[in-house]
Amino acid sequence: MSAQSTPEPVIAEPDGAVSRSGRGRRRKAPSKGRRALRVAAWTAAGVVVLGGTGAGYVYFKLNGNLKSVDINQALGADRPTKIDNGSENILVLGSDSRSGSNKQLGGGTDDGSARSDTAMIVHVYEGHKKASVVSVPRDTLVDRPACTDTRGTAHPAATGVMFNEAFATGGAACAVKTVESLTGIRMDHYLEVDFEGFQRLIDDLGGVPVTTTKNIDDPQSHLTLQAGTHTLNGRQALGLVRTRHGVGDGSDLGRIQLQQAFVKALLGQVEHVGVFSNPKKLYDLADTATKAVTTDSDLGSVNSLIDFANGLKGIGAQHMNMVTMPVQYDPADPNRVVLETAKAQQVWTALKNDRPIPASATTGTAAGEAKGVVSS
């Protein structure tokens, strides 16, 4: 990956020494520190916003951490037209690979494959002051279009398969292709975070406080919590966003409700954690965040992520509307859901026109039974 021009340094070296260009009368440290924190929150939630980066070795170290995939080349020209209204659409996936160190965190069979355990379509509105997040249930039955992955391997279309099968079959490119086919909306960016990176990111942040209104006990996600207030470490946070059997009706829709609640708790907490006064903590946070994610090639450098951060730094939990893609339980299999086509179209139409998602789009659709179990 080629290095771009070094930005004005705002992160100290790991030993705690602050670079000279960070001194002087033009001190903007607090805002950049907050920006780096917000990055970590969006990363874990799905949308990575990288704020400060350092000079010299620190810059090249962080740049070298990043992994990217060329979605545009893989998908070619057969895609929805980019909506030029100042908004952005980002597909965020949580990868549940069972290979390597992720197996101990995720459980299940170590078959070397990966699935999109979490999928969110993030729409950032014009002005970049608010966002809507649409969670896509992994158990949704969809028609996956033919696609070519980033290695050049072609995959034929498939009918009536689970949504997360697209990622398992053809990785990032096929996941983006499926989402664009489903929504008719072009994804401007792609971000992926895996188990291990998520856990380390939460630990580097010092944990996330949440309150649970019910006991949660799920051996499969390695999570046991009594009702009450907790500061979740990385392993507990990972267990919370993955649990589906420990609370509610055991459905993927219930898990999505827990994920959405945790994202808001994370974004709220990040505004209260000060790391700029601790250079090593700030460096560790940036180091973990850049290792944790895979991006599309347009975001595949630290400079690009800084620009991306600048466009998202004003979005907090209070400016984010989170919904689940309108679905109903499949009459033939209660463990699967199918798209509520008319209501889903209300969602996609709203996003295409950069408008709020109407309440009618999700009224009367299938929902889990974990709403209100977690709060910040």
Peer 1: Counting N and O atoms only, with roles assigned by atom type, does the side chain of Gln257 sit under 3.5 Å from a partner on the main chain of Lys371, one being a donor and the other an acceptor?
Peer 2: yes
Peer 1: How long is the straight-line distance from CD1 of Ile185 back to OG1 of Thr81, given to the nearest 0.5 Å?
Peer 2: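 Interatomic distance, Thr81 OG1 to Ile185 CD1, rounded to 0.5 Å: 12.5 Å.
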Peer 1: Can you name the closest pair of heavy atoms from Gly368 and Asp249 and give their distance?
Peer 2: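 For Gly368 versus Asp249, the nearest heavy atoms are CA-OD2, 3.9 Å.
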Peer 1: Hydrophobic clustering (ILVMFWY, side-chain heavy atoms < 4.5 Å, transitive) - are Ile256 and Leu141 grouped together?
Peer 2: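 They do not share one cluster, since no chain of ILVMFWY contacts under 4.5 Å joins Leu141 to Ile256.
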Peer 1: Might you confirm whether atom CD of Gln73 has over 12 heavy atoms from other residues, nucleotides or ligands at distances under 6.0 Å?
Peer 2: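 Atom CD in Gln73 is not packed in, count stays at 12 or less.
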Peer 1: May I ask you to check whether over 12 heavy atoms, not counting those of Lys352, lie within 6.0 Å of atom NZ?
Peer 2: yes
Peer 1: Is there side-chain contact between Val142 and Leu339, with at least one heavy-atom pair below 4.5 Å?
Peer 2: no
Peer 1: Looking at CG of Asp204 and OG1 of Thr288, how far apart are the two atoms once the value is rounded to the nearest 0.5 Å?
Peer 2: 3.5 Å
Peer 1: Indicate the atoms forming the closest heavy-atom contact of Gly197 with Ala292, along with that distance.
Peer 2: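 The answer is CA-CB, 3.7 Å.
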Peer 1: What heavy-atom pair brings Ser135 and Gln260 nearest, and what distance separates the two atoms?
Peer 2: OG-NE2, 3.1 Å
Peer 1: May I ask you to decide if Asn233's main-chain N or O and Gln236's side chain share a donor-acceptor pair within less than 3.5 Å?
Peer 2: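 Flag set: sc Gln236 to bb Asn233 pair under 3.5 Å.
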Peer 1: Hey, could you give me the CD/CZ distance between Glu180 and Arg79, rounded to the nearest 0.5 Å?
Peer 2: 4.0 Å
Peer 1: Check the pair Thr295 / Ser68 against side-chain hydrogen bond (donor to acceptor under 3.5 Å, both in side chains), numbers first and verdict last.
Peer 2: CA-CA 5 Å; Thr295 73; Ser68 64; 5.0 Å; no
Peer 1: Is the shortest side-chain N to carboxylate O distance from Asp218 to Arg244 below 4.0 Å?
Peer 2: no
Peer 1: Answer yes or no: is there a side-chain heavy-atom contact under 4.5 Å between Ile216 and Val373?
Peer 2: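 Ile216 reaches Val373 side chain to side chain.
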Peer 1: Counting only heavy atoms not in Asn353 (residues, nucleotides, ligands), do more than 12 fall under 6.0 Å from its CG?
Peer 2: yes
Peer 1: Given Leu62 and Asp287, is the side chain to side chain contact (heavy atoms under 4.5 Å, CB included) satisfied, shown in steps?
Peer 2: CA-CA 6 Å; Leu62 298 181; Asp287 187 42; 4.1 Å; yes
Peer 1: Which heavy-atom pair separates Ser132 from Tyr125 by the least distance, and what is that distance?
Peer 2: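 Shortest heavy-atom separation between Ser132 and Tyr125 comes out as OG-OH, 2.8 Å.
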Peer 1: Checking Thr153 side chain against Asp149 main chain: does a donor-acceptor pair fall under 3.5 Å?
Peer 2: no
Peer 1: Just by modelled atom types, is the Gly364 backbone N or O under 3.5 Å from a matching donor or acceptor in the Gln328 side chain?
Peer 2: yes
Peer 1: Are the side chain of Glu88 and the backbone N or O of Asp188 linked by a donor-acceptor pair below 3.5 Å?
Peer 2: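 It does not hold such a pair.
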Peer 1: Please work out whether the ring planes of Phe308 and His189 are parallel, tilted or perpendicular, with thresholds of 30° and 60°.
Peer 2: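 Phe308 vs His189 ring planes: perpendicular.
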Peer 1: With rounding to the nearest 0.5 Å, note down the distance linking CE in Met120 to CD in Gln259.
Peer 2: 5.0 Å
Peer 1: I need the minimum non-hydrogen distance between Lys343 and Thr365, along with the two atoms involved.
Peer 2: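 The pair with the smallest heavy-atom distance is CD-CG2, 3.5 Å.
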Peer 1: Any side-chain heavy atom of Ile90 within less than 4.5 Å of one from Val124?
Peer 2: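 They are in side-chain contact.
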Peer 1: If you look at every heavy atom in Tyr329 and Pro334, which pair is closest and at what distance?
Peer 2: CD2-O, 3.4 Å
Peer 1: Answer with yes or no whether the hydrophobic clustering places Met325 together with Met162; edges join I, L, V, M, F, W, Y residues whose side-chain heavy atoms lie under 4.5 Å apart.
Peer 2: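 No; Met162 is not reachable from Met325 via cluster members.
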Peer 1: Would you say Val208 and Thr231 make side-chain contact, with heavy atoms under 4.5 Å?
Peer 2: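 A side-chain contact under 4.5 Å is absent here.
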Peer 1: With side chains defined as the heavy atoms from C-beta onward, is the minimum distance between Ser375 and Val210 less than 4.5 Å?
Peer 2: no
Peer 1: When rounded to the nearest 0.5 angstrom, what distance separates CG in Leu266 from CG in Leu232?
Peer 2: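 Rounded to the nearest 0.5 Å, the CG-CG separation comes out at 10.5 Å.
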Peer 1: Kindly indicate, with the supporting measurements, whether the criterion side chain to side chain contact (heavy atoms under 4.5 Å, CB included) is fulfilled by Asp330 and Asp333.
Peer 2: CA-CA 5 Å; Asp330 180 12; Asp333 185 351; 4.0 Å; yes
Peer 1: Using only atom types and a distance under 3.5 Å, with no angle test, would you say the side chain of Thr140 pairs donor to acceptor with the backbone of Pro137?
Peer 2: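 Such a contact is found between Thr140 side chain and Pro137 backbone.
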Peer 1: Is the shortest heavy-atom distance from the side chain of Ile83 to the side chain of Arg186 under 4.5 Å?
Peer 2: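 Ile83 vs Arg186: side chains apart.
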Peer 1: Determine whether Ser87 and Asn85 satisfy the following criterion, side-chain hydrogen bond (donor to acceptor under 3.5 Å, both in side chains), listing intermediate values before the conclusion.
Peer 2: CA-CA 6 Å; Ser87 64; Asn85 59 9; 2.5 Å; yes
Peer 1: With clusters defined by side-chain heavy atoms of hydrophobic residues (ILVMFWY) lying less than 4.5 Å apart, directly or transitively, does Val134 cluster with Leu182?
Peer 2: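 Yes: a chain of side-chain contacts under 4.5 Å links Leu182 to Val134.
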Peer 1: Does any N or O in the side chain of Ser181 come within less than 3.5 Å of the main-chain N or O of Lys177, such that one atom is a donor and the other an acceptor?
Peer 2: no
Peer 1: Output, in order, the C-alpha distance, side-chain angles, deciding distance and verdict of side-chain hydrogen bond (donor to acceptor under 3.5 Å, both in side chains) for Thr224 and Asp217.
Peer 2: CA-CA 4 Å; Thr224 300; Asp217 185 10; 3.2 Å; yes
Peer 1: Side chains of Lys291 and Glu196: closer than 4.5 Å at any heavy-atom pair?
Peer 2: no
Peer 1: Evaluate the criterion side-chain hydrogen bond (donor to acceptor under 3.5 Å, both in side chains) for residue pair Gln346 and Ser360; output intermediate values, then yes/no.
Peer 2: CA-CA 8 Å; Gln346 292 184 48; Ser360 60; 2.7 Å; yes
Peer 1: Go through it in stages, so that I can follow the logic: the residues are Tyr190 and Val69, the test is side chain to side chain contact (heavy atoms under 4.5 Å, CB included), and I'd like the CA-CA distance, side-chain angles, deciding distance and then a yes or no.
Peer 2: CA-CA 9 Å; Tyr190 170 83; Val69 291; 4.2 Å; yes
Peer 1: Would you compute the distance between atom CG of Leu205 and atom CG of Asp284 and round it to the nearest 0.5 angstrom?
Peer 2: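 So the gap between those two atoms works out to 11.0 Å.
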Peer 1: Determine, stepwise, if the pair Ile357 / Trp348 fulfils side chain to side chain contact (heavy atoms under 4.5 Å, CB included).
Peer 2: CA-CA 8 Å; Ile357 297 172; Trp348 315 140; over 6 Å; no
Peer 1: Between Asp203 and Arg200, does at least one N-O distance fall below 4.0 Å, as a salt bridge requires?
Peer 2: no
Peer 1: If only atom types and distance count, is the side chain of Asp296 paired as donor or acceptor with the main-chain N or O of Ile71 below 3.5 Å?
Peer 2: no
Peer 1: Shared ILVMFWY cluster between Ile121 and Val323, side chains joined below 4.5 angstrom?
Peer 2: yes
Peer 1: Would Val122 end up clustered with Met320 when hydrophobic side chains under 4.5 Å apart are linked, directly or stepwise?
Peer 2: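 As far as the 4.5 Å side-chain criterion goes, Met320 and Val122 are connected within one cluster.
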Peer 1: For Val179, is there any backbone N or O sitting under 3.5 Å from a side-chain donor or acceptor partner on Thr183?
Peer 2: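 Confirmed, Thr183 side chain pairs with Val179 backbone.
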Peer 1: Do any N or O atoms from the side chain of Thr243 and from the backbone of Leu240 form a donor-acceptor pair under 3.5 angstrom?
Peer 2: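 Looks like no, no N/O pair under 3.5 Å.
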Peer 1: Output yes when Glu165 and Arg144 qualify as a salt bridge under the 4.0 Å nitrogen-oxygen rule, no when they do not.
Peer 2: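 Counted as a salt bridge, because a side-chain N and a carboxylate O are separated by less than 4.0 Å.
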